[in-house]
Number of protein chains: 2
Amino acid sequence: MYRTHHCGELNASHINQTVTLSGWVHKSRDKGFVAWVDLRDRYGITQLVFDADRTDKNLMESARGLGREFVIQVTGTVIERASKNPNIPTGEIEILATALTVLNTAKVPPFTIEDETDGGEELRMKYRYLDLRRNPVKNKLIFRHKVVQEVRNYLSSKEFIEVETPYLIKSTPEGARDFVVPSRMNEGQFYALPQSPQTFKQLLMVGGMDKYFQIVKCFRDEDLRADRQPEFTQIDCEMAFVEQEDILNAFEGLTRHLLKTIKGVEVDAFPRISYDEAMRTYGNDKPDIRFGMKFGELNAIAQHKDFNVFNKAALVVGIAVPGGNKYSRKDIDKLIDWVKRPQIGALGMVYVRCNEDGSYKSSVDKFYDQDDLAKWAKATNAKAGDLICVLSGKTNEVRAQLSALRMELAGRLNLRNPKEFAPLWVTDFPLLEWDEDTQSYHAMHHPFTAPKSEQISLLNSDPAAVKADAYDLVLNGNEIGGGSIRIHDKTTQALMFRHLGFTEEESKSQFGFLMNAFEYGAPPHGGIAFGLDRLVAILGGQETIRDFIAFPKNNSGRDVMIDAPAPIDKAQLDELGLKTK
Amino acid sequence: MYRTHHCGELNASHINQTVTLSGWVHKSRDKGFVAWVDLRDRYGITQLVFDADRTDKNLMESARGLGREFVIQVTGTVIERASKNPNIPTGEIEILATALTVLNTAKVPPFTIEDETDGGEELRMKYRYLDLRRNPVKNKLIFRHKVVQEVRNYLSSKEFIEVETPYLIKSTPEGARDFVVPSRMNEGQFYALPQSPQTFKQLLMVGGMDKYFQIVKCFRDEDLRADRQPEFTQIDCEMAFVEQEDILNAFEGLTRHLLKTIKGVEVDAFPRISYDEAMRTYGNDKPDIRFGMKFGELNAIAQHKDFNVFNKAALVVGIAVPGGNKYSRKDIDKLIDWVKRPQIGALGMVYVRCNEDGSYKSSVDKFYDQDDLAKWAKATNAKAGDLICVLSGKTNEVRAQLSALRMELAGRLNLRNPKEFAPLWVTDFPLLEWDEDTQSYHAMHHPFTAPKSEQISLLNSDPAAVKADAYDLVLNGNEIGGGSIRIHDKTTQALMFRHLGFTEEESKSQFGFLMNAFEYGAPPHGGIAFGLDRLVAILGGQETIRDFIAFPKNNSGRDVMIDAPAPIDKAQLDELGLKTK
């Protein structure tokens with residue numbers, strides 16, 4: 001037995017007990033007559049003491065030979081500490097060592113194993129096994145475990161059944177790119193890794209499983225944007241005999257449960273807004289509603305006043321920045337530069353200072369009088385002391401620009417409190433979205449999403465106007481989940497594939513099994529999937545997911561610790577009937 | 001809302017309530033004036049009644065038009081049933097229908113949706129979504145879910161942390177064959193799918209995670225034997241600062257918890273035997289100990305008696321078949337034919353009848369007298385009325401043959417009671433095993449298993465004699481788990497790789513990250529992995545795993561439902577820089 005206790009549990013109640021601990025040498029101090037070692041394990045830190053009066057001389061020497069991160073086993077007596085440390089649970093005691101075994105030595109780690117380390121990202125990833133010893137990383141993984149346990153226990157208590165779906169499935173070129181797996185037993189053929197278990201969970205509904213969930217890895221071979229991983233984890237859920245309302249209620253329940261048990265936060269019924277309203281009010285389909293700064297559309301009041309920039313714009317829209325009137329001219333110029341950066345792309349910005357005395361001062365005073373500006377203030381809900389920022393241009397572009405400005409300013413104003421949680425349902429997403437690259441419509445959610453039944457007839461005349469029973473769950477400005485009611489009859493599914501540009505042959509070869517299944521009594525069904533990595537990060541009050549993943553890949557899809565991917569033997573390729581170019 | 005209740009919950013307490021149910025038409029009977037429909041969902045079956053006196057005429061007509069597996073929604077009043085069915089929870093009531101909506105029609109299913117179906121294996125797999133509607137399959141998946149929930153909750157309560165390890169890792173040709181995944185972003189390079197998260201869980205121990213588990217898919221590209229799957233699920237566990245004893249106790253705890261909560265069976269401390277003893281006593285390293293029929297080695301008493309077959313054999317060994325003396329001469333001849341089948345491969349079988357009067361009658365009376373045979377009876381623990389079966393030959397071969405005979409006879413004698421659970425630890429496995437094909441030693445468990453420290457010196461002189469701190473958990477004759485104490489220092493790991501025939505370069509390129517990690521303070525550690533598919537099947541009292549997997553593959557590794565693997569587009573291959581031959 002390597003230990004009687006772990007390094008986080010001993011306190012005054014254990015004084016005079018003989019104990020054995022094992023762990024890592026976190027730190028040591030040597031004052032000549034006395035040497036202290038901080039012994040660390042997953043559970044905490046316990047101070048060991050070796051002193052010339054009470055400790056055997058050889059033992060004292062051994063203690064002095066210990067390096068950082070050595071793995072040791074120590075036996076000793078729990079004694080009261082002279083100078084207590086109230087900041088750690090074991091701060092009342094220390095261990096007067098009577099025996100010491102070095103279980104393993106350690107080279108000097110390439111970065112410090114401290115909460116604030118001197119190691120850069122690349123180094124930390126290469127030595128991830130050392131990085132994991134640091135509290136911030138370790139605690140995030142333990143936090144993730146707790147979230148996942150709560151999810152499973154909650155869904156199980158609601159009669160959801162976790163069913164494992166296969167990882168070796170079939171490639172479907174629609175959507176993102178698949179990772180493929182060559183089959184040796186079926187030469188020239190390939191499996192694909194699932195981008196999600198979408199069709200399988202629908203088949204489980206056809207199979208009568210009624211309520212399904214799975215916490216499951218999914219794979220997408222995309223060019224990686226920052227903070228995206230080629231493999232990621234999804235809480236994947238599906239229910240039969242449900243309408244949208246049933247699903248929103250079920251997963252609002254899950255999310256409320258998580259907020260309560262994990263964060264101790266009680267949230268009322270989640271607000272809901274339509275996709276159109278979200279775009280109009282926040283310029284964004286995943287608005288952060290922890291703060292206001294809602295959009296005020298100004299077309300009706302700001303156009304036709306000789307200001308040509310606005311007159312020729314499809315949309316003139318502003319937000320009120322709380323307390324923004326205190327910004328200097330220089331501050332505002334910087335803000336204008338910020339929105340003109342290529343990443344944002346605005347051509348300029350009009351602003352209105354809302355003075356404390358109720359008067360207004362704008363950058364377009366030549367065109368607008370105090371009455372006009374008062375109307376702008378009303379539309380943007382600006383108060384005395386605020387600054388109104390107005391952008392104009394093409395509708396989608398200007399909304400995206402103003403949304404970026406809104407988020408940036410909220411960040412600067414500390415309005416994005418990581419301890420506050422503001423969930424929001426966004427509903428009624430468009431069924432299709434126009435893709436400029438391919439000059440065709442794509443499914444906004446996926447090809448299995450049901451159009452609103454009363455709008456199916458619009459598919460031919462005005463495809464972009466067709467809305468779907470599709471919804472996203474947004475938390476603090478991040479999409480944490482998304483889903484839809486699915487098509488459950490072959491005719492509608494075939495219609496949908498046709499509108500997405502599939503030939504009949506293509507839809508049959510790729511999704512024939514699903515369309516066949518729909519002919520044998522498919523129930524109405526729908527579902528949702530949560531991005532677990534993101535959900536856990538947001539619950540943890542963080543914006544980046546990487547440290548909530550034990551062994552993440554870098555932006556080139558590489559695992560720099562194990563050095564993968566890597567070339568494989570020619571013999572392996574031969575067995576698979578493959579050649580590299 | 002599609003339903004107010006599900007089909008398994010209504011009983012006498014709901015009489016007179018108006019309810020809405022949804023589900024599948026399981027069966028219908030039409031007696032002219034009255035028609036009944038059994039409505040089925042995941043939760044049960046509820047009887048609907050339509051009768052000419054009380055039901056609207058059009059509704060009656062609609063009910064008559066319902067086909068098997070139609071999906072319908074019905075509203076009606078709960079009434080008391082005239083002839084109650086005590087076999088189902090809803091057997092006291094029926095629903096007098098007042099409204100009926102067909103939610104989806106169904107073609108006639110290719111096999112009956114009944115507990116005992118007329119569908120063959122291949123057909124059931126092709127239409128797995130229909131097969132899942134059958135109770136035996138559905139219940140096995142729900143059972144699996146319950147087992148998995150218990151595993152997770154138990155391990156979590158013991159401070160194990162579930163950590164997800166990556167699926168896109170690095171190919172290591174050692175061991176079974178990897179499935180590989182070509183990387184598009186790193187052309188000419190490949191990921192591999194994990195055969196197990198072995199090295200990652202060890203790195204988590206180096207990283208201080210202390211207690212890890214994960215329920216995780218693993219992948220092996222092997223020629224499939226019956227009841228093997230290319231993707232399978234493992235309960236993967238690892239602990240730091242532990243000796244073998246700690247691990248056995250921890251996972252005996254888990255297994256006992258499962259037996260108690262899932263099966264209601266209380267099991268005492270699990271017996272333990274060494275690998276050598278298991279081979280000697282049962283001819284098998286995963287003995288079924290629900291019954292006796294232990295091996296009796298007869299070399300000392302049966303050799304040197306002019307019976308040349310025995311004299312030239314390395315091993316003469318027998319078992320006593322309880323009550324076997326009642327077998328006719330013909331029965332015994334059949335048994336001899338059975339052991340001589342090529343699958344078993346024995347050259348013959350000697351037998352001894354143990355008569356009720358205490359005398360013996362053997363097939364080798366010419367060579368052995370009653371005293372000799374009495375000694376055989378003692379060695380095999382045979383009693384009056386038993387039959388002793390004796391095989392001889394090369395040690396390993398004859399043990400395997402007699403073990404097969406023991407299992408076969410136990411099956412015929414109904415000694416393998418699926419409701420009885422007899423777990424067993426087998427310990428002290430050899431570190432290495434000789435591979436005839438490659439004429440070299442392979443790791444019996446895996447290359448990370450620690451040799452018993454006092455035996456390391458034998459590695460050069462007598463490698464086959466070196467034992468490891470490796471153990472299997474056996475349940476009812478199946479290995480359900482296996483693990484070991486791991487090597488945690490670079491020197492021993494390098495030594496091990498050398499003995500397994502790795503060049504220094506190979507071990508560095510494949511496992512350099514692990515050997516490096518060992519230099520930065522690796523703690524002593526060890527673990528175990530359970531085959532979940534098998535564990536669930538055995539707990540479910542079944543020998544085959546296939547119906548405990550929602551969407552299994554066939555023996556050619558194909559998913560016949562979705563028809564995968566399949567050829568992929570040339571464009572996809574081009575992007576990956578690959579050509580098929």
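Letters A, B, ... are given to chains in the order of the sequence lines, protein chains preceding strands, and every chain is numbered from 1.
Between Val181(B) and Leu193(A), some side-chain heavy-atom pair lies under the 4.5 Å cut-off. By the 4.5 Å heavy-atom criterion applied to side chains, Arg128(B) and Leu203(A) are not counted as neighbours. Residues Pro565(A) and Pro182(B) are not in side-chain contact: their nearest non-hydrogen atoms beyond the backbone lie 4.5 Å or more apart. Using a 4.5 Å heavy-atom cutoff, the side chains of Phe551(A) and Ile169(B) are not in contact. Between Pro523(A) and Trp24(B), the closest side-chain pair of non-hydrogen atoms falls below 4.5 Å. No side-chain heavy atom of Phe190(B) sits less than 4.5 Å from a side-chain heavy atom of Pro567(A). Side-chain atoms of Gln572(B) and Arg177(A), non-hydrogen and from C-beta on, never get closer than 4.5 Å to each other. Side-chain contact between Ser22(A) and Phe241(B): present, with at least one pair of heavy atoms (C-beta onward) separated by less than 4.5 Å.
No part of Asn249(B) comes within reach of chain A, as not one of its non-hydrogen atoms sits under 4.5 angstrom from that chain. No part of Gln202(B) comes within reach of chain A, as not one of its non-hydrogen atoms sits under 4.5 angstrom from that chain. If you measure heavy-atom distances from Leu21(B) to chain A, you find no contacts under 4.5 Å at all. Of the two parts of Ile161(B), the backbone and the side chain both hold a non-hydrogen atom closer than 4.5 Å to a non-hydrogen atom of chain A. Looking at Ala240(B), only its backbone comes within 4.5 Å of chain A, counting heavy atoms on both sides. Of the atoms belonging to Leu514(B), not a single heavy atom falls under 4.5 Å from chain A. The part of Tyr127(B) that comes within reach of chain A is its side chain, from C-beta onward, which places non-hydrogen atoms under 4.5 angstrom from that chain. Proximity to chain A involves both the backbone and the side chain of Asp223(B), based on heavy atoms less than 4.5 angstrom apart. The part of Asp559(B) that comes within reach of chain A is its side chain, from C-beta onward, which places non-hydrogen atoms under 4.5 angstrom from that chain. Both the backbone and the side chain of Phe200(A) have a heavy atom closer than 4.5 Å to some heavy atom of chain B. For Gln149(B), the part lying near chain A is the side chain, with the backbone staying farther off; criterion is any non-hydrogen pair under 4.5 Å. Heavy atoms closer than 4.5 Å to chain A are found in the backbone of Met205(B), but not in its side chain. Within the 4.5 angstrom heavy-atom criterion, no atom of Val216(B) approaches chain A. Only the side chain of Phe213(B) comes within less than 4.5 Å of a heavy atom of chain A; its backbone N, CA, C and O stay farther away. Using a 4.5 Å cut-off between heavy atoms, Arg144(B) contacts chain A through its side chain alone, with no backbone atom that close.
Contact check on Glu162(B) versus Lys146(A) returns no salt bridge, with no Lys/Arg side-chain nitrogen under 4.0 Å from an Asp/Glu carboxylate oxygen. Asp210(B) and Arg40(A) are not joined by a salt bridge, as no carboxylate oxygen comes within less than 4.0 angstrom of a charged side-chain nitrogen.
The residue among Glu187(A), Glu159(A), Gln73(A) with the most heavy atom pairs within less than 4.5 Å of chain B is Glu159(A). Options Val71(B), Leu132(B), Ile549(B) differ in how many heavy-atom pairs under 4.5 Å they form with chain A, and the most are formed by Val71(B). Among Met561(B), Lys126(B), Arg558(B), the residue with the largest count of heavy-atom pairs under 4.5 Å with chain A is Arg558(B). Contacts with chain A were tallied for Arg68(B), Arg134(B), Lys211(B); Lys211(B) has the most, counting heavy-atom pairs under 4.5 Å. Ranked by non-hydrogen atom pairs under 4.5 Å with chain B, the options Ile215(A), Val108(A), Thr199(A), Ile72(A) are led by Val108(A). Heavy-atom pairs under 4.5 Å with chain A peak, among Asp246(B), Leu576(B), Val242(B), at Val242(B). In terms of heavy-atom pairs under 4.5 angstrom with chain B, the leader among Ser556(A), Gly188(A), Ala550(A), Ala571(A) is Ser556(A). If you tally non-hydrogen atom pairs under 4.5 Å between each of Lys138(B), Arg3(B), Met185(B) and chain A, the highest count goes to Arg3(B). When each of Asn186(A), Thr580(A), Asp563(A) is scored by its heavy-atom pairs under 4.5 Å with chain B, the top score falls to Asn186(A). Highest contact tally toward chain B, considering only Glu245(A), Glu69(A), Lys217(A), His488(A), is held by Lys217(A) [criterion: heavy-atom pairs under 4.5 Å].
The CD atom of Glu164(A) lies 10.0 Å from the CG atom of Leu141(B); values are rounded to the nearest 0.5 Å.
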(request) Would you please test Arg184(B) and Asp178(A) for salt bridge (Lys or Arg N to Asp or Glu O under 4.0 Å) and show each step? (result) CA-CA 10 Å; Arg184(B) 180 182 55 84; Asp178(A) 285 322; over 6 Å; no

(request) Show your working on side-chain contact (heavy atoms from CB on, under 4.5 Å) between His145(B) and Val163(A) and close with a plain yes or no. (result) CA-CA 7 Å; His145(B) 167 71; Val163(A) 180; over 6 Å; no

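Between Tyr520(A) and Tyr129(B), the ring-plane angle classifies as tilted under the 30° and 60° cut-offs.
Between the Glu231(B) side chain and the Leu168(A) main chain, a donor and an acceptor come within less than 3.5 Å of each other. A donor-acceptor pair under 3.5 Å links the side-chain atoms of Lys170(A) to the main chain of Ile562(B), judged by distance alone. For the pair Asn104(A) (side chain) and Ala522(B) (backbone), a donor-acceptor distance under 3.5 Å is present. Side-chain atoms of Lys107(A) never come within 3.5 Å of backbone atoms of Glu519(B) as a donor-acceptor pair (strictly under, hydrogens ignored). Remark: the backbone N or O of Met209(B) is paired with a side-chain donor or acceptor of Arg42(A) at under 3.5 angstrom.
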